[in-house]
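The structure is given below, and queries will be raised subsequently.
Predicted model, so just to flag it, every value in this text is computed and none were measured.
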Amino acid sequence: MLKIQLSGCKFDSLRTQQQPVKSRHVAVVGAGAAGLVAARELHREGHSVVVFERGNEVGGTWVYTSRVEPDPLGIDPTRPIVHSSLYSSLRTNLPREVMGFMDFPFVTLAGENRDPRMFPGHREVLMYLKDFAREFGVEEMVRFETEVVEVGILEDEKWKVRSKKTSFFNNENNDHIDIINSKSEVEFVDEIYDAVVVCNGHYTQPRIAEIPGINLWPGKQMHSHNYRVPEPFRDQVVIVIGSSSSAVDICRDIAGVAKEVHVASRSVADETYTKQPGYDHLWLHSMIDSAHEDGTVVFQNGKVVLADVIIHCTGFKYHFPFLDTNGIVTVDDNRLGPLYKHVFPAALAPWLSFIGIPWKIFPFPFFELQSKWVAGVLSGRITLPSQKEMMEDIKAFYSALEAAGIPKRYTHNMSESGFEYCDWLAAQCGCQVIENWRKQMFHAAFANWLVRPDTHRDEWEDHDLVLEAHEYFVKYASKS
C-alpha cells in the first residue's frame with residue numbers, strides 16, 4: 001500500500017497567527033461523532049455554531065434501530081432512508097481506550113445500562129457520545145428533527161442552508177419512526193452562514209457487488225445496511241460477500257442459525273475454498289463468478305451453491321444529496337473531490353469542509369484533529385496554502401495513487417497513512433499528537449483480529465498498553 005508523504009518543509013511555514021482571530025457563523029450538518037466534535041472545536045475557537053440533526057437525538061450512525069428500509073438492497077433512490085447500519089450484535093472493533101476523543105476518555109462508567117467490556121456494544125458507544133455532548137454543551141447547539149435539504153453557495157461567498165422540520169416518535173421497540181409530511185405541509189427555512197462543515201457520515205448509501213446473471217437469479221438479495229438480527233436466516237443457505245469487519249461479524253452471527261454460510265471474498269486467491277475453524281457449515285470462497293436462474297451461484301473456485309440469500313457486505317458510497325456546489329465538488333467512483341487533505345475543496349476553502357471522509361481509521365480522535373484544523377482555519381489562526389498550491393497538492397496525490405496502481409475508489413483509504421496524517425494535522429494546529437500507546441493499541445487490535453476473528457474482542461494480551469492508557473487518563477478523571 002502506498003504511503004503518501006504528508007509532512008515536509010513546503011507547507012510547514014503556513015501556520016501563522018498574523019491574522020486576527022475572527023468569529024464565523026457556521027452550520028454543521030449532522031450530530032454524529034464527527035458533527036459533535038466539530039461543533040465543540042468550532043465553539044472553542046470562538047465561532048457561532050448551529051448543528052442540524054434530522055433525528056431526535058445525537059449519535060448519528062450509533063443510534064440503533066430495528067427498522068430497515070423497504071428496499072433490502074438500498075438502491076431505490078425514492079426509498080425512505082434509515083440512517084443507521086448497525087446490527088443488534090455489533091461490538092466495536094477497536095478497544096474503547098483507542099476509540100475515545102483525546103481529552104474525553106472512553107472509560108468504563110458505573111450504571112445499570114453501561115457496558116464495561118473493552119470492546120463494548122453499540123449502545124455503550126452511543127451513551128459515550130451523549131456523555132460527550134452533555135459535558136461540552138454541544139446539545140445546546142443542536143437543532144433536532146431538522147433536516148438539511150439544500151446547501152448552496154451565494155455570490156458573496158456566503159452559504160444558504162435550507163432546512164425543514166422532521167417529526168419522530170418512538171414505538172414499543174424504541175425505534176425512531178420518521179413521519180413523512182405531505183409536500184403541502186412542508187415549510188422550508190432558509191438561513192445564511194459564513195461556512196458549512198459537512199458531517200453527515202458515509203454509512204447510508206450502499207455499494208452493491210456486480211454479479212453476472214444476478215438479474216435472473218430467483219433468491220433474495222440485501223445489503224448489510226439492512227441487516228439487524230440472524231433469525232430471518234434460520235435453516236437457509238446464505239452467501240455473504242465481503243471481507244471487512246462487518247462481513248466477518250455477520251457471517252458468524254448468521255452461522256448460529258443458518259443451514260450453511262458461504263463467504264465470497266475478492267481478497268483471496270481464485271482457488272480458495274476453506275472451512276472456517278470452529279464451524280462445520282461456514283466456508284470461505286473466492287469471489288462469485290456468476291448467478292443462475294435455477295438458484296445456483298458459481299464461485300471463481302468452481303464450487304456451486306444453491307443459495308437462498310446473498311448479503312452484500314460491500315461498503316458504502318459517499319452521498320450528499322443536499323449539496324450544490326455548481327459541479328465543483330463531485331463523487332467519482334467513490335472519490336470525493338477535489339479535496340485538499342481530504343477536508344477542503346480548494347476552490348471553496350475554507351468556507352466548505354468535510355469531516356470524517358477517510359476510512360479504515362480510528363474515527364473519533366481522527367475527527368477531533370480534523371475539526372481543530374477546520375476551526376483554526378476559519379478563525380484565521382491557521383492559514384491554508386493558496387488555491388493553486390492546494391490544487392497542485394491534490395493533483396500530486398492523485399498521481400501518486402495512480403502510479404502505485406491504487407484504484408480511485410480507495411482514494412480515502414487511510415489504513416497505511418492515518419497516523420502520519422494525524423501527526424500532520426496536529427502540527428498544523430499546534431496541538432498534541434496521537435499518543436504512542438493509542439497507536440500501539442490500534443495495531444495490536446488489528447493483529448489480534450487477524451489471528452482470532454471469533455474471539456479477538458475477548459482475548460486481549462497487551463495488558464501493559466491498557467495500563468499505560470489508564471495512567472494517561474488520570475488527568476481527565478474529573479470528567480469520568
Worksheet item: Angle class for the F362/F442 ring planes (parallel below 30°, perpendicular above 60°, tilted otherwise)?
Response: perpendicular

Worksheet item: Where the side chain of E139 meets the backbone of R134, is there a donor-acceptor pair that is under 3.5 Å apart?
Response: no

Practice prompt. Flag the pair K164 and E150 as a salt bridge only when some basic side-chain nitrogen lies within less than 4.0 angstrom of an acidic carboxylate oxygen.
Written response: no

Practice prompt. Is it possible for you to check whether R96 lies under 6.0 Å from the centre of the six-membered ring of F106, through NZ or CZ, and within 45° of that ring's axis?
Written response: yes

Worksheet item: Would you say the side chain of F322 lies within less than 4.5 Å of the side chain of V198, judging by non-hydrogen atoms?
Response: yes

Fill in: Parallel, tilted or perpendicular: rings of Y128 and F132 (30°, 60°)
tilted

Item to complete: Mark yes when over 12 heavy atoms from residues, nucleotides or ligands other than F446 sit less than 6.0 Å from its CZ; otherwise mark no.
Response: no

Worksheet entry | Criterion side chain to side chain contact (heavy atoms under 4.5 Å, CB included) on Q370 and I357, from CA distance to verdict | CA-CA 10 Å; Q370 286 188 321; I357 295 301; 6.0 Å; no

Discussion item. Using the side-chain hydrogen bond (donor to acceptor under 3.5 Å, both in side chains) criterion, which residues pair with H202? Sequence neighbours excluded.
Written reply: none

Practice prompt. Would you check if the side chain of H470 reaches a backbone N or O of E97 as a donor-acceptor pair within less than 3.5 Å?
Written response: no

Discussion item. I want to check a possible cation-pi pair here: R207 against F316, using under 6.0 Å from ring centre and within 45° of the ring axis as the test.
Written reply: no

Discussion item. Assess whether a salt bridge exists between E461 and R452, defined as any Lys/Arg side-chain N lying under 4.0 Å from an Asp/Glu carboxylate O.
Written reply: yes

Fill in: Side-chain (H225) to main-chain (E69) donor-acceptor, under 3.5 angstrom
no

Worksheet item: Do the side chain of R143 and the main chain of V50 share a donor and acceptor less than 3.5 angstrom apart?
Response: no

Worksheet item: Heavy-atom count around Q432 CD within 6.0 Å, excluding the residue itself: above 12?
Response: yes

Fill in: Distance in Å, S246 OG paired with Y203 OH, rounded so as to fall on 0.5 Å steps
9.5 Å

Worksheet entry | Lys/Arg N to Asp/Glu carboxylate O, E57 vs K130, below 4.0 Å | yes

Worksheet entry | Straight-line distance of L465 CG to W460 CH2, nearest 0.5 Å | 6.5 Å

Worksheet item: Would a line drawn from the ring center of F101 to the ring center of F367 be shorter than 6.0 Å?
Response: no

Discussion item. Please verify the inter-ring angle class for H456 with W449; under 30° counts as parallel, over 60° as perpendicular, anything in between as tilted.
Written reply: perpendicular

Worksheet item: Nearest heavy-atom pair of H83 and N200: which atoms, and what distance?
Response: CE1-O, 3.4 Å

Discussion item. Salt bridge check, D71 against R79: does any charged N sit closer than 4.0 Å to a carboxylate O?
Written reply: no

Worksheet entry | Flag side-chain contact, heavy atom, 4.5 Å: E435 against M102 | yes

Worksheet entry | Heavy-atom closest contact (P345 atom, V343 atom, distance) | CD-O, 3.7 Å

Discussion item. If I compare all heavy atoms of L126 with all of V58, which pair ends up nearest, and what's the gap?
Written reply: CD1-O, 3.3 Å

Practice prompt. Output, in order, the C-alpha distance, side-chain angles, deciding distance and verdict of side chain to side chain donor-acceptor pair (under 3.5 Å) for Q387 and Y340.
Written response: CA-CA 9 Å; Q387 179 178 333; Y340 176 64; over 6 Å; no

Discussion item. Set out, in order, the CA-CA distance, both residues' side-chain angles and the distance that settles side chain to side chain contact (heavy atoms under 4.5 Å, CB included) for F366 and Y421, then state yes or no.
Written reply: CA-CA 9 Å; F366 192 99; Y421 173 82; 3.3 Å; yes

Worksheet item: Between S84 and V63, is there a donor-acceptor pair closer than 3.5 Å when you use the side chain of the first and the backbone of the second?
Response: yes

Fill in: Worked verdict on R44 versus D103 for salt bridge (Lys or Arg N to Asp or Glu O under 4.0 Å)
CA-CA 13 Å; R44 279 180 166 178; D103 63 354; 3.1 Å; yes

Item to complete: Return yes when atom CD of E191 has more than 12 non-hydrogen atoms of other residues, nucleotides or ligands closer than 6.0 Å, and no otherwise.
Response: yes

Worksheet item: Taking the six-membered ring for Trp, are F104 and F364 ring centroids under 6.0 Å apart?
Response: no

Discussion item. Is any side-chain heavy atom of L384 closer than 4.5 Å to one of P350?
Written reply: yes

Discussion item. Whether D190 and K158 form a salt bridge (side-chain N of Lys/Arg under 4.0 Å from carboxylate O of Asp/Glu) is what I want to check.
Written reply: no

Discussion item. Salt bridge or not between E392 and K395? Use side-chain N to carboxylate O under 4.0 Å.
Written reply: no

Discussion item. Keeping R91 on the side-chain end and F119 on the backbone end, is there a donor-acceptor pair under 3.5 Å?
Written reply: yes

Worksheet item: Would you say D194's side chain and E157's backbone share a donor-acceptor pair under 3.5 angstrom?
Response: no

Worksheet item: Cut-off 3.5 Å, side chains only: do E389 and S386 have a donor facing an acceptor?
Response: yes

Item to complete: Indicate yes or no: does R381 engage E45 in a salt bridge with an N to O separation below 4.0 Å.
Response: yes

Discussion item. Could you tell me if K475 sits above the aromatic ring of Y472, with its cationic atom closer than 6.0 Å to the ring centre and no more than 45 degrees from the axis?
Written reply: yes

Practice prompt. Can you measure from OG (S88) to CG (D253) and round to the nearest 0.5 angstrom?
Written response: 8.0 Å

Worksheet, complete the sentence: What one should report as the nearest heavy-atom pair of H47 and S23 is CA-OG, 3.7 Å

Discussion item. So L323 and L352, do their side chains get closer than 4.5 Å, heavy atoms only?
Written reply: yes

Worksheet entry | Close side-chain approach of I355 to V197, heavy-atom, < 4.5 Å | yes

Worksheet item: Thinking salt bridges, do D423 and K439 make one under a 4.0 Å N-O criterion?
Response: yes

Worksheet item: In terms of heavy-atom contacts, does CD of E459 have more than 12 from other residues, nucleotides or ligands at under 6.0 Å?
Response: yes

Practice prompt. Sorted by first residue and then second, give each side-chain hydrogen bond (donor to acceptor under 3.5 Å, both in side chains) pair with at least one member in residues 113-122; sequence neighbours left out.
Written response: R114-E124, R114-D131, D115-R117

Worksheet item: What's the shortest heavy-atom distance between A133 and L36, and which atoms?
Response: CB-CD2, 4.2 Å

Discussion item. With a 4.0 Å cut-off on N to O distance, would you call R40 and E368 a salt bridge?
Written reply: yes

Discussion item. Does Y87 form a ring-ring contact (aromatic ring centres under 6.0 Å, His included) with Y64? I'd like the steps, not just the answer.
Written reply: CA-CA 8 Å; Y87 38 96; Y64 174 79; 9.1 Å; no

Discussion item. Any side-chain to backbone donor/acceptor pair from K165 onto F188? Under 3.5 Å, distance only.
Written reply: no

Practice prompt. Locate the shortest heavy-atom distance separating S85 from T61; write the atom from each residue and the value.
Written response: N-OG1, 4.0 Å

Worksheet entry | Separation between OG of S353 and CZ of F344, rounded to the nearest 0.5 Å | 5.0 Å

Practice prompt. Not counting sequence neighbours, list each pair that qualifies as a salt bridge (charged side-chain N to carboxylate O under 4.0 Å, His left out) and has a residue in residues 314-340.
Written response: D332-K408

Fill in: Distance, nearest 0.5 Å, that separates OH of Y318 from OG1 of T204
13.0 Å

Practice prompt. Using atom types as modelled and distance alone, determine if a side-chain donor or acceptor of W424 lies under 3.5 Å from a backbone N or O of A426.
Written response: no

Worksheet item: How many angstroms lie between CD1 in I250 and SG in C313, if you round to the nearest 0.5 Å?
Response: 4.0 Å

Worksheet entry | Salt bridge present between D249 and R457 (N-O < 4.0 angstrom) | yes

Worksheet item: Do any N or O atoms from the side chain of H412 and from the backbone of L336 form a donor-acceptor pair under 3.5 angstrom?
Response: yes

